[in-house]
Structures are given as C-alpha cells and as structure tokens.
Amino acid sequence: MAFALTPEREKEVDELLTHYPNTRAALIPVLWICQRQHGWISPEVIAWVAARLSLSTAIVKGVVTFYTMFFQEPVGEHVIWVCRTLSCDLRGAKAIQEHLEEKLGCHAGHTSKDGKFTILKAECLAACGQAPMVQIDDAYYENLTLEKLDAIIEGYRSGEPPAPADYQLAATTRTMPTPPAPEPEPEPEATLEGEA
Amino acid sequence: MADFKPLLSSRYDLEDSHTLAVAEKAGAYKVARKALMTMKPEQIREEVKKASLRGRGGAGFPAGVKWGFLNPQAGEDVYLVINGDESEPGTFKDRTIMNGDPHRLIEGMIITCWAIGAHTAYIYVRGELSHSIAYLDQALEEARAKGYVGDRPFGKPFPIHIYTHSGAGAYICGEETALLNSLEGRRGEPRLKPPFPAIKGAFDQPTIVNNVETIASVPDIVEMGGEAWCNLSRLAPRDGGQRLYGISGHVKKPGVYEAPVGITMRELIYEYGGGMLHDDRPLKGVIPGGSSTPVLRPDLTIDAKDEEHPLHAWHGQSEIDVPMGVDTYRAMGTMLGTCCAIVMDSSVNMVEVARNLMRFYRHESCGQCTPCREGGAWLVDVLTEICAGRGKVEDVHRIVDISNNMMGNTICAFGEGTAMPMLGLVQKYREEFVEAAEKGVPLDVRHDASTLELVRPGGRAA
Ligand SMILES: Cc1cc2nc3c(=O)[nH]c(=O)nc-3n(C[C@H](O)[C@H](O)[C@H](O)COP(=O)(O)O)c2cc1C
Ligand code: SF4
Ligand code: FES
C-alpha cells in the first residue's frame, strides 16, 4: 500500500526544509514525522521519503538501519524502553525488566499478545539520577518501584497514562544540597577499613 | 560546603522556569542584548578565553581556544552546533538545562553566534529526549516572537537563526563529527580528523561544536567578565568557573548539583550526594565522569612524592580527595569527562560492572574500525565466559590485550572510551577479576535482596 503524509504533516516537512542548506539534512526529522504517523518505517515509507527528498532508497535505508529508534518492523501500540545501563542497573533495573516481562507476558524485544506493548532494552537514557527508569513512547517515568510501574501500565491499558516525570526536575535536581546536615560526616577511616 | 551563588541552575527552582516570561524576569537575555549592542565579537572571544572555560562535553578543551581555530575563507558560512546528545552512561546534566532553563542556552547561543560570526545554529538533541526538544522549540518560538532570534536580534542587523535537530538513538552521534554527519542526514559515523570541524564541519563549512553546558555558561562569563568568572573555580586560572555535577548510583540523594570547579569527589558523594545509600555499605569505587572515564578506588592513595608532580599537593591522600578538574584528573590517569559520577558500594562486583559497560560499547560502536567493532564484542564474550564460571586466569590477560589493541587504533575516541575504563577496572580490581575467572560470579551487577527492596512497595526509590 502506498504511503503518504497527511496534509498537516506535509506542511511540517515544507517548514523543515527551510532549516537547512540542502534537502538531505532533513532526512532524519522527516523519518521521524513519518514514523509518528505510520508507527514504523516500512519499505513504502522509505520509498516515499526517498522520492520526497530526491535521494536513493539505499541512502534512506542506510540511515534508517543505523538508528535504533527507527522501527524496521511493526511494534506494539506503546513501546517501553527499559534502561539497563549501569546507573539504572545499580538501582534495580533488572527487577523492573523482569517484572514487565512477567506482567506483559513477553520478553524484551517482543510485543505482548494483545499488541499493546513492545518491551525493548535501552542504553542509558540520560536520567541516571532518577534510576531506575523507563521510557514509554515519548515519556520518561523515573524513580520507579514495581508498584509505580504497575500503576503506569494500568494507566496505559485504560487509555489514561499517568503524568510522566516532572520535566522541571525540581524534586531530584537541586541547585544546592540542603545546608550541611547535622548528621555526622562519614568517617573516612571507617570507609577504608571496611574496604580492605 | 562551599559558599557560592548558583549561576547555571539559578532559575531551576522558579515555577515555569522554562518560559520566557519567567526567565526574562529573572534576568535572561539582558547579557545578550548588551553583548550585541555594545560589544565587539573579539571582545567577547577575549572574555571567554580569559574565563578558561573548559568544554563540558567530556574532553575539557578550552572553548576560547577552539573558537580561535576558526578562519573562515571568503564565501564560507560559519555554523554553531550545540551538542545535546548527552548519551554517555551516567550523564544527565545537559537535560536539566534544556528542560529547566532553555532560555539560558539560547541566550548563550545568540552571544556565541555574534562572537564567532555564525548566522545559523543547530541544537542537536538525542532522539529519546523528545521532551527536551519540545521545551527548546517552545522557548525558540517565544524568543523569535520577541525578536531575540531572527533577522534582527535585538534590532541588530545580524541575522541569527536557531533550530533544533533530533537524533534517533545512537550514542556515537555525541562524537562531534558523527554528530555533523547525523545533522546532514547521514549515518552517524565519525569522520577522520583533520580536517577539524572549525575548518570543515557542517555542510563542509567552518563549524564550532560545543556542549550545551559550555554554551549555557557564556552569558555569565560575559556578564561577570572572564577573569571574575574564572576565579569562581578552586582550580583557577587553568580550569575556570562553576559547573554542573551529576551523581547517581548508590548515594542517598542522586541528582544534579552546581558547584565551583575543583570540589573533591569526597565532597560530591558525602555532602552533595548525601552519602552512601546504605550506611553499612562503604564506597567501593566511583566512575568519575561518565562510563568512559577510568574508575577511582577510594583506598588507593596518590603517589606523587616528586615536588614537580602535578599531584604533589595530594601525595598520600585518597584518590577521591583530589580536586575534580580536567588537568588534575588527567594526571591521576583518569578523566573528568562529563563530571557525572556513578557511585558503587561494597556489594558491587567489578567484573559485572565491566560486563554491563562493555555490553553498552558493543551495542554502540558504529562499526567502521575493526579494533573497536570486534574488540568491544570480544570483551563482552570474554567477560561473559568469566562471569558464567567458564573463565581461566589467562582471560584476564586477554582482556588487557584486547583493550591495548584498541587504544590509538581507531578513527574516533570511542575506541579509547571503551578500552580505558576496561583497563582501569582490571588494573584497580585485578584480584576480583582473577577470583571471578576461577570461580565465576552471578550474571548481573547487583541483584540481591537489597536491590529488590529499592523497587518493592515502600522501597527507597518511592
Ligand atoms: C564517543 C563520544 C561520545 C561523545 N558524546 C558526547 C555527548 O553526548 N555530548 C557532548 O557534549 N559531547 C560528547 N562528546 C564530545 C564531543 O565530541 C565534543 O568534544 C564536544 O561536544 C565538544 O564540546 P565542548 O568542547 O563544549 O565540550 C563525545 C565524544 C566521543 C568521542
Ligand atoms: S572507534 Fe568505534 S565508534 Fe569510533 S569510528 Fe571507529 S568503529 Fe566507529
Ligand atoms: S543508566 Fe539509566 S538513565 Fe542513565
């Protein structure tokens, strides 16, 4: 089936093209627009983008295959990226992944039977201070517990996803720590001894 | 705790700090207006040079010196490209600027464009941070509406156009030449250098690539004067100003904190980070500035008896008591990197840490160079064998051998970024690798009861 962008999205493409000195530079943003409409980058999408930007399909495909966020096959209605890099793993990311797999009945890399969720493993998503975390579609959910995760999944199932992480980060990002707490400074000696 | 005034993060706590109304009321765009109306480009460049602003993206190169490499020929357009790829594991500071105070970045970009003669600037943001792009786009919309960005910024006939550009999931696009390829609609594969971007960068034109935080620091430098800003640092004059520190892993209060350049890792962990997460689990190691920087071990001391040694002042002290600076950390055999630390307590097994990180590098190598593409994969294979209990002591040598063969043999610094932390872990925790090679270890970083507690009902992460 041939692919085409909606007229509103076509306008977005026209606008995008004004940002760059050549058309090729708009390739990644245009692929994004297509994926937002179509859900994944199908061969038809590749053909359409190639024609629209006067590029060969090989060039478009080469770019699509380089970037992990472009889906080369259909995915579930929602994509859950579980961060499994070090900072998250130190704070329970593995338990988050296993809980999701059990709850949704599919392993990472797969889509749940009802087609609602795809679980994917992600590399560090730049929210390490709020670990563990997942990204669902465009939204970040941070400082997760299994309980919070359950509520989030239920929210997506019922069509009312909870608000994502507070992007202003007020809760986890402070200009300065609370003034020197009266709590005793950890004894450096003790630290070293425990280590020896 | 140091006595200082927050600059970069001074507007974070205001409600709706991302909006122009709030940011402007708190001082945004004052400096850009002054700079464009009253200062010459070379004056601004001079202040940035005096500031000793070391790049905040990882390499610590002085921004003023980099700008000085520009030498545009007739008919060439200068570009400014902001690196908001922020993908180095452990790093989450630029996101706070893009979300919490996008107007500070935009103001810095306006001033920088004027200073280096650029009419077009891009902010390249990793694809996952689509919410950050939304904040930036909204802020740019507001700045355009006010006429701060556009054909006549602040009435000056010097057009400045700023656009965001989204990546699509690839760590390597943080490397500046890969980023430029990605900006141009290509695969994010690093280019051979030279030519450096300042000579031939975006669209083959002279280009300055700087990190988000680097450019967000420019308004304060211009306002205070380079020298005064530089002197905020404890390591002035070589490494100036204030910066954002991140801390994650096993501490009580992970987060992003602003502080002068040159606080110690001990201060960062025990004062800013609130100390170790579990009081009965002491610090075992800390990765100081993103996963590519070799680990520090608190029970190792600095050996710098020689008075000429750059670290002589800290001879005999713990590695975590050396001030955090680009040069001090390099002298210690590690790197300051992005200044975002990953803290690990005594329950962590360093072989598993290595495996977690090497998996990352295997996944993210762009594949152009054999030592990087194959080396990363071999490291994961060897580490997996060790963890699974099928290792031999020779495997520890093999890890060192593979890593050494990656160093210096690749197009971009990703190869070293893989090998250096690997070598650091083996050198500093050798006994653990040998033990694992003999006995094996469970296949993950830490999956004991205390980790589960963190995420279970009522857990600490709540
Ligand atoms: C593999 C690799 C990844 C990098 N990732 C980033 C990044 O995510 N963000 C960043 O600002 N710089 C990153 N850099 C550093 C950039 O190449 C470049 O040095 C930096 O953007 C220059 O800005 P600065 O001088 O302001 O630090 C990376 C470098 C390498 C080798
Ligand atoms: S070192 Fe690795 S990431 Fe860098 S160009 Fe070579 S293969 Fe690509
Ligand atoms: S390690 Fe998970 S967000 Fe950085």
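By convention in this document, chain letters (A, B, ...) are assigned in the order of the sequence lines, proteins followed by strands, and residues within each chain are numbered from 1. Just so it is clear, the structure is predicted and the values come from calculations on it, not from any experiment.
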TODO: Might you work through the side-chain contact (heavy atoms from CB on, under 4.5 Å) test for B:Thr120 and A:His19, ending with a clear yes or no?
DONE: CA-CA 9 Å; B:Thr120 308; A:His19 296 187; over 6 Å; no
Task: Residues in residues 75-82 of chain A near chain B [non-hydrogen atoms, under 4.5 Å] - done: none
- [ ] Flag the one option from B:Ser87, B:Ser291, B:Gly246, B:Gly167 with the top tally of heavy-atom pairs under 4.5 Å to chain A.
- [x] B:Gly167
Task: B:Asn356 side chain to A:Ser87 backbone, donor-acceptor under 3.5 Å - done: no
Task: Least distance between heavy atoms, B:Ser130 atom then A:Arg36 atom - done: CB-NH2, 4.2 Å
TODO: Please round to the nearest 0.5 Å and tell me the distance separating atom CG of A:Leu125 and atom CZ of B:Arg95.
DONE: 9.0 Å
- [ ] Examine whether an atom of B:Phe203 lies under 4.5 Å from a heavy atom of chain A, and if so say whether it belongs to the side chain, the backbone or both; otherwise answer neither.
- [x] side chain
Open item on the list: So which atom in B:Ile287 and which in A:Leu86 form the shortest heavy-atom distance, rounded to 0.1 Å?
Closed with: CD1-CD2, 3.7 Å
Task: Over 12 foreign heavy atoms within 6.0 Å of NZ, A:Lys116 - done: yes
Open item on the list: Less than 4.5 Å to any heavy atom of chain A: does that hold for the side chain of B:His363, its backbone, both, or neither?
Closed with: side chain
Open item on the list: With a 4.5 angstrom heavy-atom cut-off, is it the side chain or the backbone of B:Tyr361 that approaches chain A, or both, or neither?
Closed with: neither
- [ ] Could you label the plane-to-plane angle of the B:His131 and A:Tyr140 rings as parallel, tilted or perpendicular, counting under 30° as parallel and over 60° as perpendicular?
- [x] perpendicular
Task: Choice from B:Arg126, B:Glu88, B:Lys93 maximising heavy atom contacts with chain A below 4.5 Å - done: B:Arg126
Open item on the list: At a 4.5 Å cut-off on heavy atoms, which part of B:Ile247 comes close to chain A: side chain, backbone, both, or neither?
Closed with: backbone
- [ ] Could you tell me which portion of B:Glu184 (side chain, backbone, both or neither) has an atom closer than 4.5 angstrom to a non-hydrogen atom of chain A?
- [x] backbone
Task: Contact class of B:Glu364 relative to chain A, heavy atoms under 4.5 angstrom - done: side chain
- [ ] Report the distance from atom CD1 of A:Ile59 to atom CZ of B:Arg187, rounding to the nearest 0.5 Å.
- [x] 11.5 Å
Task: Heavy-atom pair with the smallest gap, counting every atom of A:Trp32 and B:Gly127 - done: CZ2-CA, 4.2 Å
Task: Heavy-atom proximity to chain B below 4.5 Å, by part of A:Glu123 - done: both
Task: Heavy-atom closest pair, residues B:Gly185 and A:Val63 - done: O-CG2, 3.4 Å
Task: Region of B:Cys173 that comes under 4.5 Å of a non-hydrogen atom in chain A - done: side chain
Open item on the list: For B:Tyr163 together with A:Tyr20, are the ring centres under 6.0 Å from each other?
Closed with: no
Open item on the list: Before you tell me yes or no, could you show the steps for B:Ser182 and A:Phe66 under side-chain contact (heavy atoms from CB on, under 4.5 Å), namely the whole-Å CA-CA distance, both residues' side-chain angles and the distance that decides it to 0.1 Å?
Closed with: CA-CA 10 Å; B:Ser182 187; A:Phe66 188 83; over 6 Å; no
Open item on the list: With a 4.5 Å cut-off on side-chain heavy atoms, are A:Arg91 and B:Pro254 touching?
Closed with: yes
Task: Minimum heavy-atom distance between B:Gly90 and A:Cys124, given as atom pair plus value - done: N-SG, 3.6 Å
- [ ] Select one option (side chain, backbone, both, neither) describing which atoms of B:Leu129 are under 4.5 Å from chain A's heavy atoms.
- [x] both
Task: Pairwise distance CD1(B:Ile342) to CG(A:Asp89) - rounded to 0.5 angstrom - done: 11.0 Å
TODO: Answer yes or no: are there more than 12 heavy-atom neighbours, outside A:Lys103 itself, under 6.0 Å from its atom NZ?
DONE: yes
TODO: Identify which part of B:Tyr171 has an atom lying under 4.5 Å from any heavy atom of chain A, answering side chain, backbone, both or neither.
DONE: neither
Task: chain A contact via B:Thr164 - which portion, at a heavy-atom distance below 4.5 Å - done: backbone
- [ ] Name the region of B:Leu8, side chain, backbone, both or neither, that has any atom closer than 4.5 Å to a heavy atom of chain A.
- [x] neither
TODO: Specify which of A:Val60, A:Thr85, A:Leu27, A:Thr23 makes the most heavy-atom pairs with chain B at under 4.5 Å.
DONE: A:Thr85
Open item on the list: Just verifying a value: how many Å separate B:Met344 CE and A:Leu90 CG, rounded to the nearest 0.5 Å?
Closed with: 7.0 Å
- [ ] Indicate the atoms forming the closest heavy-atom contact of A:Cys128 with B:Phe92, along with that distance.
- [x] CB-CD2, 3.7 Å
TODO: Considering only heavy atoms and a distance below 4.5 Å, find which of B:Ala170, B:Ser166, B:Gly367 pairs most often with chain A.
DONE: B:Ser166
